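Everything on this sheet refers to the single structure shown next.
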Protein chains: 2
Amino acid sequence: MKEYSEATRTVRSELRLQSFLPYILSKLADTISVELSGIYGDEYGLSVPEWRIIANLAQHGTLNARQIVDFAGMEKSKVSRAVKRLTVRGLLTQQRASVDNRAKDLALTGAGETLYRAIVPRVLAWEKTLLEGLEVGEYRDLLYLLEKLGRQLHLLNVAPAQEWGGAEPGDKPWAAA
Amino acid sequence: MKEYSEATRTVRSELRLQSFLPYILSKLADTISVELSGIYGDEYGLSVPEWRIIANLAQHGTLNARQIVDFAGMEKSKVSRAVKRLTVRGLLTQQRASVDNRAKDLALTGAGETLYRAIVPRVLAWEKTLLEGLEVGEYRDLLYLLEKLGRQLHLLNVAPAQEWGGAEPGDKPWAAA
DNA sequence: CAATATTAGTTGCTTATACAACTATATTTA
DNA sequence: TAAATATAGTTGTATAAGCAACTAATATTG
């Protein structure tokens, strides 16, 4: 694989937004999300949380809300309300889980499946045009790098990387300003 | 540069969220954003839009709201309200632009600069630990790939890639469901 | 096995966001 | 240059998000 550019990572003490990963990722993800939700949103009336719930159910089969929370990384209240809307719309069913009477097994209805199968090719086609900018190898590398980044991020959160500075909880010097 | 993995991009007709770029990017960016805003948010009382405005002003010097909108890709109403809050807090100044009486030149105050300079090393240190998972070359490649993706995305939006399906504006089959 | 703690999911409430409408100024064009 | 358009920024408003409190069921533990 060829080297892509001459940019180097030096130990910076200045912040250049153009090469600040959180900034780049955030803008990119945001733009992509807006574009994509133009498909399942405008044309199929799904919000982002609704679409994600459907996609996860389609992929994994029956799930309860907590599992969706885990898979999709969404707030449980967000999931709860989105599930309610989808149920009202007849796109999924809820059934009290026999093994745990607190949990509800969620599954797509026929209508939900149908909707999902209508959306998938549209969404994949859009992704394809997006990826047309990349070589096959580049796409593979990108997935690899993002996954690696995700793993590192997970590590950081699990092992809190102690002492990030000095401010205590409740110590808000700015509050006075 | 070595090949990272054996994953291949086939023409898919099924959606696997684990390798669906919008999904991956969104989750990653979201997690990073939450982590990062734990620094400038919890400890310095800045919201995401506020922090972005400050960072852009610090980097580019005086800007008006529209320029910030362009640089940061934020809604103008979001920028407007965040600017108001920052001004009240004494972190930036507004001055009617002499060349265009509609526009206001925005600039960091001393306090704004100071706050920014307190945050930057924290934020860079955090980014550094995040990037510790990557080789230098991998980081470079990642930036390159994301930038390439961004360019392609921009292209798609400029040239609307006509006829994305068939639904007309106002044609919402789902609305009946 | 009773008391305590944990977990699944819902709901209330405050704040943030997005979109459109609006004011004021600038630019274009007929 | 008057009229029509476009642009900078603000504000109103409906909806969404995020957090905490809550109910009900399940696990843990002394």
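What you see is a predicted model; the values in this text were computed from it and never measured.
- For the residue pair A/Arg117/A/Thr114, the side-chain donor-acceptor check at 3.5 Å is not satisfied.
- When DNA chain D is scanned in the 5' to 3' direction for atoms under 4.0 Å from non-hydrogen atoms of chain B, the outermost contacting nucleotides are D/dA6 to D/dT13.
- Under the 3.5 Å distance criterion, the side-chain polar atoms of A/Glu138 are left unmatched by any main-chain donor or acceptor of A/Leu131.
- Listed by residue number, B/Ser77, B/Ser80, B/Arg81, B/Lys84 are the residues of residues 77-84 of chain B with a heavy-atom contact under 4.0 Å to DNA chain D.
- In summary, of the residues considered (B/Arg81, B/Arg85, B/Arg89), a side-chain hydrogen bond (donor to acceptor under 3.5 Å, both in side chains) with B/Glu50 occurs for B/Arg85 alone.
- Defined by atom type and a distance below 3.5 Å, a donor-acceptor pair is missing between the side-chain atoms of B/Tyr144 and A/Asp141.
- A side-chain donor-acceptor contact under 3.5 Å links B/Gln67 to the backbone of B/Asn64.
- Between the side chain of A/Gln152 and the main chain of B/Leu134, no donor-acceptor pair closer than 3.5 Å is present.
- For the pair A/Thr109 (side chain) and A/Gly90 (backbone), a donor-acceptor distance under 3.5 Å is present.
- A salt bridge links B/Glu43 with B/Arg122: the distance from a Lys NZ or Arg NE/NH1/NH2 to an Asp or Glu carboxylate oxygen falls below 4.0 Å.
- Although no hydrogens or angles enter the test, the distance criterion places no donor-acceptor pair under 3.5 Å between the side chain of B/Ser26 and the main chain of A/Ala29.
- Of the residues in residues 57-76 of chain B, those placing a heavy atom less than 4.0 Å from an atom of DNA chain D are B/Asn64, B/Ala65, B/Arg66, B/Lys76, in numerical order.
- The side-chain heavy atoms of B/Glu35 and A/Leu156, taken from C-beta on, include no pair separated by under 4.5 Å.
- With 3.5 Å as the limit, one finds a donor-acceptor pair spanning the side chains of A/Gln18 and B/Gln59.
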Quick one: do B/Leu46 and B/Ile119 satisfy side chain to side chain contact (heavy atoms under 4.5 Å, CB included)? Show the steps, please.
-> CA-CA 10 Å; B/Leu46 295 176; B/Ile119 294 174; 3.6 Å; yes
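- Put simply, the side chain of B/Glu147 never gets that close to the backbone of A/Ile24: no donor and acceptor are under 3.5 Å apart.
- Residues satisfying the ring-ring contact (aromatic ring centres under 6.0 Å, His included) test with A/Tyr40, not counting sequence neighbours, are A/Trp51.
- Defining each end axis of the helix from C/dC1-D/dG30 to C/dA30-D/dT1 as the rotation carrying four pairs' C1' atoms onto the next four, with five pairs an end, the two axes are found to diverge by 30° to 10 degrees.
- Within residues 98-105 of chain B, the residues approached by DNA chain C to less than 4.0 Å at the level of any non-hydrogen atom are B/Asp100, B/Asn101, B/Arg102, in residue-number order.
- Between the side chain of B/Arg96 and the main chain of B/Asn101, a donor-acceptor pair closer than 3.5 Å is present.
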